[in-house]
Amino acid sequence: MQALPSITTPTYGVNGPYLAPAVRVGRGEKVLMKVTNSLPEPTTMHWHGLMIPGEVDGGPYSVITPGETWVAPLSIEQAAATCWFHPHFYPTTAAQVIKGVAGLFLIEDEESDALGLPSRWGIDDIPLVLQDRRFNSDGTFFHRMNLTAITAGFIGDTMLVNGA
């Protein structure tokens, strides 16, 4: 990824170099998510905000080792929502998310469809992922999770929109 002039930032991603394609589903759908870990380290995939059973929620104990594929059958039985997915492997959750392993999980239903909002995907319905990041002088992401960052929040000095 090139967020800074003339410097390439090493990133991770889902089905791409940084972040993931948005997953759009409808209430009542059954979705089979297949997550293959192509990272050089263990990871997990947590469906943040989905109302699903714990065994498919991808918490810290659902480890996916490098090269392994984890299959999560998801039954979407909740109202429209904007959720997201990200790793939840201890102790690298924050580092993997900062590097780009995250994506939107959008649930639609009859009520959201009836709102009359713009709905032509990529034309007038464009998802935005806003992130604040800091960069080291070599272009790598600055990452330091300590007590101050945990209690006050991480604050970057560069704003990214969909990774740009």
Side-chain angles (χ1 to χ4, degrees), residues 1-3 8-108 127-136 138-156 158-164:
M1 174 174 100
Q2 190 156 1
T8 299
T9 298
T11 61
Y12 289 167
V14 179
N15 290 349
Y18 188 75
L19 296 177
V23 175
R24 293 175 67 198
V25 300
R27 184 178 194 164
E29 285 189 43
K30 297 192 181 325
V31 183
L32 190 64
M33 301 300 289
K34 294 181 182 180
V35 182
T36 300
N37 181 1
S38 298
L39 302 178
E41 59 190 281
T43 193
T44 65
M45 192 58 69
H46 169 61
W47 316 106
H48 199 100
L50 271 61
M51 296 167 40
I52 53 177
E55 63 266 14
V56 295
D57 195 32
Y61 302 106
S62 299
V63 179
I64 312 166
T65 58
E68 181 183 17
T69 297
W70 176 63
V71 179
L74 306 178
S75 182
I76 309 302
E77 300 297 339
Q78 68 188 81
T82 300
C83 303
W84 67 301
F85 53 97
H86 62 88
H88 231 304
F89 184 74
Y90 180 82
T92 58
T93 298
Q96 290 181 0
V97 171
I98 286 171
K99 287 182 180 178
V101 183
L104 293 173
F105 199 105
L106 307 170
I107 302 170
E108 299 167 339
L128 299 178
V129 176
L130 306 174
Q131 301 170 303
D132 60 331
R133 295 287 183 259
R134 288 185 189 181
F135 294 88
N136 296 311
D138 65 356
T140 58
F141 287 114
F142 171 84
H143 165 61
R144 183 181 341 155
M145 285 297 142
N146 55 29
L147 186 57
T148 303
I150 291 169
T151 56
F154 178 84
I155 299 173
T158 302
M159 197 68 194
L160 300 179
V161 180
N162 292 348

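Remember, predicted model here, so these are calculated numbers, not experimental data.
Using modelled atom types, no side-chain atom of Asp57 and backbone atom of Leu50 make a donor-acceptor pair closer than 3.5 Å. At least one donor-acceptor pair under 3.5 Å links the side chain of Thr9 to the backbone N or O of Gly139. Of the possible donor and acceptor atoms, one in the side chain of Thr44 sits under 3.5 Å from a partner among the backbone N and O of His88. A donor-acceptor pair under 3.5 Å is absent between the side-chain atoms of Gln96 and the main chain of Pro87, judged by distance alone. The closest donor-acceptor contact from the side chain of Asn162 to the backbone of Val129 lies under 3.5 Å. At least one donor-acceptor pair under 3.5 Å links the side chain of Asp138 to the backbone N or O of Thr140.
Annotation for Tyr61: atom OH does not count as buried by contact number, only 12 or fewer foreign heavy atoms lying within 6.0 Å.
Put simply, the side chain of His46 does not reach to within 4.5 Å of the side chain of Thr93, judged on heavy atoms. Residues Leu19 and Gln131 have side chains in contact (heavy-atom distance under 4.5 Å, counting atoms from C-beta outward). Here the side chains of Trp47 and Met33 are in contact, with some heavy-atom distance below 4.5 Å.
Scored by the salt bridge (charged side-chain N to carboxylate O under 4.0 Å, His left out) test, Arg134 finds no partners at all (sequence neighbours excluded). Contacts of Lys30 classified as side-chain hydrogen bond (donor to acceptor under 3.5 Å, both in side chains), with partners at least two apart in sequence or in another chain: Ser75.
Rounding to the nearest 0.5 Å gives a distance of 9.5 Å between OG1 of Thr11 and NZ of Lys99. Between the CD1 atom in Ile76 and the CZ atom in Phe105 there is a gap of 4.0 Å [rounded to 0.5 Å]. Here CD of Gln78 is found 8.0 Å from CZ of Arg27. Values are rounded to the nearest 0.5 Å. To the nearest 0.5 Å, the span separating NE2 on His86 from CD1 on Ile98 amounts to 13.0 Å.
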Report task. Carefully, step by step, assess Thr65 and Asn37 under the rule side chain to side chain contact (heavy atoms under 4.5 Å, CB included). Result -> CA-CA 7 Å; Thr65 58; Asn37 181 1; 5.6 Å; no
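Of all the heavy atoms in Tyr18 and Gly100, the pair that sits closest is CE1-CA, 3.4 Å. Closest heavy-atom contact between Val101 and Gly13: CG2-N, 4.2 Å. The two residues Phe141 and Leu160 make their nearest non-hydrogen contact at CE2-CD1, 4.4 Å. What you find for Ala20 and Gly103 is that their closest heavy atoms are CB-CA, 3.9 Å. Annotation for Val25 and Val23: closest pair CG1-CG1, 4.0 Å, computed over non-hydrogen atoms. Across all non-hydrogen atoms, the minimal contact from Tyr12 to Glu41 is OH-OE2, 2.6 Å.
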